[in-house]
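First up is the structure itself, then whatever we jot down about it.
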Amino acid sequence: MPSLLILLIAQSSVVSTPATRHETEPRWIEKAIIERVTPVGSVDNPITVSKDYLRNPEDTIRWINTIGRDSVFNKSQSAVNPISNDLEYGCRKVIQFAQGVEAANSKILNGMTTAYRCDGFVTDVTRQDFSRPLKSETATGFAPTQITAVVHGGALLKNFRQNGEGVRDAVYLWVGKSQSIELTLTTTQLSHKALEVRADQIIDTLTR
């Protein structure tokens with residue numbers, strides 16, 4: 001029986017759009033992602049970043065509302081279905097909007113962002129569809145050696161950060177066969193361990 005390490009390394013940790021111009025172009029993007037090992041923090045040893053890169057919860061919601069306002073006003077459409085229900089932990093939807101790259105032959109965008117206020121934290125979820133050609137070929141993911149777990153057939157990377165001023169977050173990137181999910185929980189009240197428990201439950205719900 002293959003070891004767990006072999007199974008994790010064999011798991012795909014990158015997803016890209018089909019090529020529309022040069023067949024090798026997305027493959028070069030994938031190769032760059034696979035070979036790039038980025039620093040990540042753990043629950044016990046989170047990365048400390050500038051407050052410019054880690055806003056407090058209310059500033060996070062205001063920023064997401066700002067970037068989503070034009071999309072909502074223009075009634076932009078997404079290839080990704082909206083999240084119809086609120087999430088666990090008292091999460092209440094604040095805004096949901098289409099975002100990302102336009103499809104090759106339409107104005108439909110390949111992603112959707114949803115933000116919530118929850119009990120003790122805020123969270124935002126960005127889901128992207130890579131199953132169809134886009135006007136700009138793209139990919140997302142991470143090096144296979146950085147896979148934290150395999151969840152419902154997709155590779156998961158966990159990253160934990162703090163800004164030195166009491167703001168903490170958990171950033172999860174999940175990569176499936178033709179889609180990705182980036183989940184961020186931000187708090188000034190909860191520990192990183194508590195964020196991990198909540199993020200684990202939410203990513204399990206979103207990837208079922």
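- One N or O on the side chain of Thr205 and one on the backbone of Gln201 form a donor-acceptor pair closer than 3.5 Å.
- Leu183 and Met112 fall into different hydrophobic clusters, where Ile, Leu, Val, Met, Phe, Trp and Tyr residues are linked whenever their side-chain heavy atoms come under 4.5 Å apart, directly or through other members.
- Panel note: side chain Lys158, backbone Asp200; no donor-acceptor pair is recorded below 3.5 Å.
- Grouping the Ile, Leu, Val, Met, Phe, Trp and Tyr side chains by contacts below 4.5 angstrom, directly or via other members, places Ile67 apart from Ile83.
- Between the Arg161 side chain and the Arg168 main chain, no donor and acceptor come within less than 3.5 Å of each other.
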Let me have the donor-acceptor pairs involving side chains of residues 40-53, under 3.5 Å, with sequence neighbours excluded, atom names and distances please.
| residue | atom | partner | partner atom | Å |
| --- | --- | --- | --- | --- |
| Ser42 | OG | Asn45 | N | 2.9 |
| Thr48 | OG1 | Gln162 | NE2 | 3.1 |
| Ser50 | OG | Asp52 | N | 3.0 |

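- Of all the heavy atoms in Ala103 and Leu134, the pair that sits closest is CA-CD2, 3.8 Å.
- A 4.5 Å side-chain heavy-atom check between Phe142 and Leu173 finds at least one atom pair inside the cut-off.
- Around atom CD of Glu58, more than 12 heavy atoms belonging to other residues, nucleotides or ligands sit under 6.0 Å away.
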Derivation and outcome, side-chain contact (heavy atoms from CB on, under 4.5 Å), residues Asn65 and Phe97: CA-CA 9 Å; Asn65 268 319; Phe97 57 92; over 6 Å; no

Worked check of side-chain contact (heavy atoms from CB on, under 4.5 Å) between Thr123 and Thr186: CA-CA 6 Å; Thr123 186; Thr186 307; over 6 Å; no

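- In terms of modelled atom types and a separation under 3.5 Å, the side chain of Thr188 and the main chain of Gly166 share no donor-acceptor contact.
- Across all their heavy atoms, Glu182 and Val171 have their closest contact at OE2-CG1, 3.8 Å.
- Without hydrogens or angle criteria, Asp129 side chain to Gln179 main chain gives no donor-acceptor distance under 3.5 Å.
- His152 and Thr207 make their closest contact through CD2-OG1, 3.0 Å (heavy atoms, listed as atom of the first residue, atom of the second, distance).
- In this structure, Ile147 and Leu156 have side chains that are not in contact, with every pair of non-hydrogen atoms separated by 4.5 Å or more.
- No side-chain heavy atom of Arg92 sits less than 4.5 Å from a side-chain heavy atom of Cys118.
- Between the side chain of Arg127 and the backbone N or O of Asn110 there is no donor-acceptor pair closer than 3.5 Å.
- Linking Ile, Leu, Val, Met, Phe, Trp and Tyr residues whenever their side-chain heavy atoms come within less than 4.5 Å places Leu87 and Leu195 in a single cluster.
- In this structure the side chain of Ile181 reaches within 4.5 angstrom of the side chain of Val125, judged on heavy atoms.
- Counting heavy atoms from C-beta outward, Leu185 and Asp169 have side chains that stay 4.5 Å or more apart.
- Between the side chains of Asn159 and Tyr172, not a single donor N or O lies within less than 3.5 Å of an accepting N or O.
- Residues Thr113 and Gln96 bring no donor and acceptor atom of their side chains to less than 3.5 Å of each other.
- Under 3.5 Å, the side chains of Ser76 and Asn74 contain no donor-acceptor pair of N or O atoms.
- Shown here are the side chain to side chain contact (heavy atoms under 4.5 Å, CB included) partners of Asp59, two or more places apart in sequence or in another chain: Arg55, Asn56, Arg62.
- The pair Glu88-Arg198 does not count as a salt bridge, with every side-chain nitrogen at least 4.0 angstrom from each carboxylate oxygen.
- Contact detail for Thr187 and Gly120: the closest heavy-atom pair is OG1-O, 2.6 Å.
- Taking hydrophobic clusters as Ile, Leu, Val, Met, Phe, Trp and Tyr residues chained together by side-chain heavy-atom distances below 4.5 Å, Leu157 shares a cluster with Phe130.
- Interatomic distance, CD1 of Ile108 versus CD of Glu102, reported as 10.0 Å (0.5 Å rounding).
- A pairwise comparison of heavy atoms in Val94 and Arg117 identifies CG2-N, 3.7 Å as the closest pair.
- With Gln189 contributing its side chain and Phe121 its backbone, the two residues share no donor-acceptor pair below 3.5 Å.
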Working for side-chain contact (heavy atoms from CB on, under 4.5 Å), residues Ser180 and Trp174: CA-CA 6 Å; Ser180 71; Trp174 180 89; 5.7 Å; no

Audit row: Val15, Thr140, side-chain contact (heavy atoms from CB on, under 4.5 Å) steps and yes/no: CA-CA 6 Å; Val15 60; Thr140 192; 3.7 Å; yes

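- The backbone N or O of Ala155 lies less than 3.5 Å from no partner atom in the side chain of Ser13, so there is not a single donor-acceptor pair.
- Annotation for Asp119: atom CG counts as buried by contact number, over 12 foreign heavy atoms lying within 6.0 Å.
- Thr114 has its side chain out of reach of Asp124: every pair of non-hydrogen atoms, C-beta onward, lies at least 4.5 Å apart.
- By the 4.5 Å heavy-atom criterion applied to side chains, Gln146 and Thr38 are counted as neighbours.
- Trp63 and Tyr116 end up in different hydrophobic clusters when Ile, Leu, Val, Met, Phe, Trp and Tyr side chains are linked at under 4.5 Å.
- The two residues Leu109 and Gly100 come nearest to each other via the heavy atoms CD2-O, 3.8 Å.
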